[in-house]
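What follows is a set of notes on a single structure, which appears directly below.
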Amino acid sequence: MRYAFTFSIALALSVCSSLTLADTISANCTLNGIPLYGKVKVVDSFPDFKVQRVDHFADLKVQWVNSFPSSCGKWQRVEHFPDFTIQFVDHFPDFKIQEVSSFPGVE
């Protein structure tokens with residue numbers, strides 16, 4: 001009985017840790033295999049990512065640019081042919097962003 005309880009605790013911890021590891025921005029600036037730079041379309045439903053804007057403790061610093069969104073955190077807003085879509089939310093985001101005018105990237 002004691003070993004079954006220990007095993008169930010270990011299994012629960014491994015499942016929780018794998019869920020959080022899969023849902024974090026990697027060092028190469030990707031999430032779920034999608035690079036977090038490029039052309040972005042803001043949508044109201046069915047986004048690739050739900051994003052919350054914050055002033056502190058962001059997962060990614062984002063700089064909105066008019067051209068050449070080719071490095072981590074540089075996003076260009078488009079209406080057609082986006083690299084990925086986002087929806088701004090107030091609760092339960094996939095990740096949090098801080099909009100900056102310089103030095104975008106992973107925190």
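Bear in mind that the values here come from a model prediction, so they are computed numbers and not experimental data.
In this structure, the separation between OG1 on Thr85 and NZ on Lys41 is 8.5 Å, given to the nearest 0.5 Å. Once rounded to the nearest 0.5 Å, the distance linking CG of Asp48 with CG of Asn32 reads 9.5 Å. A distance of 9.5 Å separates CD in Gln63 from CZ in Phe103, rounded to the nearest 0.5 Å. The line from CD of Gln98 to CG of Leu60 is 10.0 Å long, rounded to the nearest 0.5 Å.
Shortest non-hydrogen contact noted between Lys39 and Val78 is CB-CG2, 3.8 Å. Between Thr24 and Leu31, the shortest heavy-atom contact is O-CD1, 3.3 Å. Listed here is the closest heavy atom pair of Gly73 and Cys29: N-SG, 4.0 Å.
With Glu99 as the partner, the salt bridge (charged side-chain N to carboxylate O under 4.0 Å, His left out) test is satisfied by one option alone out of Arg53, Lys74, Lys61: Arg53.
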inquiry  = The test is side-chain contact (heavy atoms from CB on, under 4.5 Å); show your working for Val106 and Ser26 and say whether it passes.
reply    = CA-CA 8 Å; Val106 178; Ser26 68; over 6 Å; no
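Two residues are said to be in side-chain contact when any heavy atoms from C-beta on lie closer than 4.5 Å; Phe49 and Val89 fail this criterion. The closest side-chain heavy-atom distance from Arg77 to Val42 is below 4.5 Å. Put simply, the side chain of Tyr37 does not reach to within 4.5 Å of the side chain of Phe84, judged on heavy atoms. Ile97 is listed as a side-chain neighbour of Phe88, based on a closest heavy-atom distance under 4.5 Å. Side-chain contact between Leu36 and Phe95 is present, with at least one heavy-atom pair separated by less than 4.5 Å.
Heavy-atom contacts from other residues, nucleotides or ligands closer than 6.0 Å to CG of Asn28 number more than 12.
Although no hydrogens or angles enter the test, the distance criterion places no donor-acceptor pair under 3.5 Å between the side chain of Gln87 and the main chain of Ser45.
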